[in-house]
Amino acid sequence: MENMHAQNLPPQSDRRGFFKKTFATVIVAIIGLFPVASGLTVFFDPLRRKSSTTGAVRVTTLEALPIDGVPRKFPLVASRIDAWNTFTEVPIGAVYLRRTGEKTLQAFNASCPHAGCFVDYLPERGAFHCPCHESTFTADGKIDNPDSPAQRGLDDLKVEIRNSKEVWVEFRNFQAGHAEKIPMA
Amino acid sequence: MKSLLDWLDQRTGYRQITREALYENIPGGSRWRYVWGSTLTFALAVQFITGIFLWMAYSPSSQTAWESVYYIQDEMVGGWLLRGLHHYTAQVMTVLLVLHLMQVVIDGAYKAPREVNFWFGLVLLQLVLALSLTGYLLAWDQKGYWATKVATNIISIIPYIGPSLQKVIIGGADYGHHTLTRFFALHAGVLPGMIIALLAGHIYLFRRHGITAREPKRRPDAAFWPDQVLRDAIACLAVLAAVLFLIVRHRLFSSHGLLGADLAAPADPSEAYSAARPEWYFLFLFQFLKLKWFAGTREIWGAIIIPGLITGVAFLMPFIGRWKLGHRFNLGLLWMLIGGAGLLTYMALADDAKNPEYRLAVKQAEREAERVKVLARSPAGIQSSGIALLRADAFTKGPKLFAEKCALCHRYDGHDGTGKTPTDPQSASDLKGFASREWLTGLLDPEKVTSTNYFGATKFADGKMAKFVKKDVAHYAPEQREKLRKVIAALSAEAQLKSQIVFDHRDSALIEEGRTLLQTETGCTDCHEFQKKDEDATAPILAGYGSRKWLISFVTNPEHPSFYGRRNDRMAAFGDKGILKASEIGLIADWLRGYWYEPPQ
């Protein structure tokens, strides 16, 4: 067994030994890093990807919204690219819509700006409430409870009325957990 | 035989390996308190075995993950057992990890020269928790989806790199195929690989330093085999028994109880899931974040800094333990953490128990989980993806649409269709059993016609119909009442309600009689159109009353001349004004009329 160990072999000259060691190390590094680097390149591909959420979507009509300004929830059905698939007419999220006047509207993404749970609207309290960590928001989307885990109010979305009654919303998701409203890009 | 084994031993040295494995010295003999490491190794082996078999039937993509898990759970022979084993062994493993850690710290097994092995153990603990976290998403059901959304959103609050890190983890800006492929690669490849490597190191170091004997030694030293092996085996058997109990426990108390792990409805980003909670062993973290100290910008303390510091102190335990009071400090910290986690878990459970909205959400989630499986098993089956099933199901979607759009005025059996009582007062009829004989009998009852459940809160309370019922019907003689009964049966038969098909068929002669009476004696056709075209009709058409087509047309536009015309009260033209899509009105009509898929008995 002992003859398998290197200490019994005759020593080599320092210089030749140094080059050999250097080359061996470099080659091992190359052959080791190459597959890792090619894997990591693909692994970090999502950083280049943009959210597939597309422009404005027709959500409902003006008549569906009560005059008193109470928010109503609507699922958002739109087309969506999910990696290799393009889906048409799939649920991509939900919005709350409310009237602020005869022809003016407010739209909120139904995701809680704290950690992304789906917020409920509690009509008896006249406020939004997140069932996960209990942030509450007033009907116009502002933070309601002073010890709210959420750092910002509900994310309002661009909403417009087309053809005098169709309600179109530009749906986006925003980075949860931050005080600023940063779009998920 | 012996020569063959000799040959093998000469080439592999297996005898020495076996000897070293089995005859390791245990100072003070075998003890029950040494079994935890072995039970963990056993649990891990169960996870590897069951995991690989699950892998053979699982397909990670947003269109197939839920579907393939449903198929394993409900269609494949023994699938519920395999999935149940994997699911509950994971849960039992977290308990065993805590017990193992407690034993190591209490016995001082983390002290020199075993520091490195202690660190290996701590890393293993975190890797196992990472397995739980990644595994929770893989079924791509509402439960896993929303819990993972919260967990990955918390990652984004890490300064500077958080948002990018989140994007790398979920595989893009949105949750989808790549979230699943990544989580699955972590769950079935990266994490198990790391665990194997670390566990090999952990066991190697454990053998190198030997067991940390508990003083005082009660008995003479003994070998690992067979005394300790027997105890370990019994402990592993107990673990398996506990897991099996967890798998079948619901069935023990109810013949329809769930077997194995549950599976919620398919992940749907547009459907609220207010029952979202992490697995029970992460509830303490969940509750920790709900503490008021971590509101707003201070959240990073609760989510990242404090857990990070505690982990850091845990890694320093071997050094802290060198001081005289260090070991006591470690013990105190351990008990404090376990007590704190226990208290927080209790608080989380207690909060939910007294929260009626949460309980309602859990019930609804269970109902949908049950329903979607029924639909998946229907002859139509899963055509595109499971998520489409509930969206096109009148039984699930009908009441939700009713609650959102109709329950502002109407009621369904006193509630909004989903079981909640709306805050707005009832201002139109209760539509449970609409157009059924029972419902019509109420409408034609002088006592009931102007109650809130019929015309009471509408302008029709003073209308011709209410007057007719209150003045004429109220004074009907017995034979007239009998005729009215036939008219009601005839009118109700127009609806072709599912619940009345048998009766309509049985009473066909009576119904025929009622049809004639309706057009002659009762005077209904004075205002209503029935079978003959009637330009002067001022009240809703009775031909096809309550049928699918009638209901859809009515909801689409109640102001249509066939219905209320200009006399319409407040009801919106839901279809014509685009408040509801034609398909949605169809779902409401089907639900009210009792038409939805029902599995054969």
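With no hydrogens or angles considered, a side-chain donor-acceptor pair links T64(B) and S59(B) at under 3.5 Å. Between the side chains of D120(A) and S274(B), at least one donor-acceptor pair of N or O atoms lies under 3.5 Å.
Using a 4.5 Å cut-off between heavy atoms, S61(B) touches chain A through its side chain atoms alone. Only the side chain of V77(A) has a heavy atom closer than 4.5 Å to any heavy atom of chain B. Heavy atoms of E404(B) lying under 4.5 Å from chain A belong to its backbone as well as its side chain. Residue Q175(A) touches chain B through its side chain alone, counting heavy-atom pairs closer than 4.5 Å. With a threshold of 4.5 angstrom between heavy atoms, F87(A) approaches chain B through side-chain atoms but not through N, CA, C or O. Contact annotation for I300(B): neither backbone nor side-chain heavy atoms come within less than 4.5 Å of a heavy atom of chain A. Only the backbone of L76(A) comes within less than 4.5 Å of a heavy atom in chain B; its side chain stays farther off. Interface remark: L65(A) contributes no atoms to any contact with chain B (heavy atom separation under 4.5 Å). In this structure, the portion of E134(A) lying under 4.5 Å from any heavy atom of chain B is its side chain and not its backbone. For L580(B), no part sits under 4.5 Å from any heavy atom of chain A, backbone or side chain. For K405(B), the part sitting under 4.5 Å from any heavy atom of chain A is the side chain, from C-beta outward, and nothing else. In this structure, no portion of A572(B) lies under 4.5 Å from any heavy atom of chain A. Only the backbone of E271(B) comes within contact range of chain A, judged by heavy atoms closer than 4.5 Å. Contacts between S270(B) and chain A at a heavy-atom distance below 4.5 Å involve backbone atoms as well as side-chain atoms. Residue contact with chain A, scored on non-hydrogen atoms closer than 4.5 Å, involves the backbone of Y273(B) exclusively.
For chain B, the option among P131(A), A94(A), S111(A), A150(A) with the highest count of heavy-atom pairs below 4.5 Å is P131(A). The residue among R72(A), R49(A), R48(A) with the most heavy atom pairs within less than 4.5 Å of chain B is R72(A). Contacts with chain B were tallied for A64(A), P149(A), G93(A), C112(A); G93(A) has the most, counting heavy-atom pairs under 4.5 Å. Taking chain A as the reference chain and counting heavy-atom pairs below 4.5 Å, the highest number among R298(B), R391(B), R277(B) is found for R391(B). When each of A179(A), G177(A), S148(A) is scored by its heavy-atom pairs under 4.5 Å with chain B, the top score falls to S148(A). Heavy-atom pairs under 4.5 Å with chain B were tallied for D147(A), V119(A), L62(A); the largest tally goes to D147(A). Contact tally against chain A (heavy-atom pairs below 4.5 Å) for I154(B), D351(B), T297(B), I170(B): the top residue is T297(B). Per-residue heavy-atom pair counts under 4.5 Å with chain A were compared for H178(B), R182(B), Q63(B), K581(B), and the maximum is reached by R182(B). Per-residue counts of heavy-atom pairs under 4.5 Å with chain A were compared for E357(B), K290(B), Q287(B); the largest is that of K290(B). The choice from T61(A), V70(A), T60(A) that makes the most heavy-atom pairs within less than 4.5 Å of chain B is T61(A).
Cys pair C117(A) and C132(A) passes the test of SG atoms under 2.5 Å apart.
Residues F286(B) and V150(B) are not in side-chain contact: their nearest non-hydrogen atoms beyond the backbone lie 4.5 Å or more apart. The side-chain heavy atoms of I306(B) and F294(B), taken from C-beta on, include a pair separated by under 4.5 Å. A heavy-atom distance below 4.5 Å is not found between the side chains of R172(A) and K181(A).
Annotation: M571(B), atom CE; neighbour count of heavy atoms from other residues, nucleotides and ligands within 6.0 Å is above 12.
R152(A) places a side-chain N or O within donor-acceptor distance of the main-chain N or O of E180(A), the cut-off being under 3.5 Å.
Relative orientation of the F402(B) and H410(B) rings is tilted, given thresholds of 30° and 60° on the angle between their planes. Using cut-offs of 30° and 60° for the angle between ring planes, the W84(A) and H177(B) rings count as parallel.
Contact between G144(B) and L137(B) at its shortest, heavy atoms only, is O-CD1, 3.8 Å. Annotation for W66(B) and A264(B): closest pair NE1-O, 2.8 Å, computed over non-hydrogen atoms.
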Let's go through V90(A) and R80(A) carefully: what are the C-alpha distance in whole Å and the side-chain angles of both, what is the deciding distance for side-chain contact (heavy atoms from CB on, under 4.5 Å) to 0.1 Å, and is it a yes or a no?
CA-CA 7 Å; V90(A) 287; R80(A) 166 173 185 244; 3.9 Å; yes
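Expressed to the nearest 0.5 Å, how far CD of E559(B) lies from NZ of K577(B) amounts to 6.5 Å. Distance OG1/T148(B) to OH/Y175(B): 8.0 Å, rounded to 0.5 Å.
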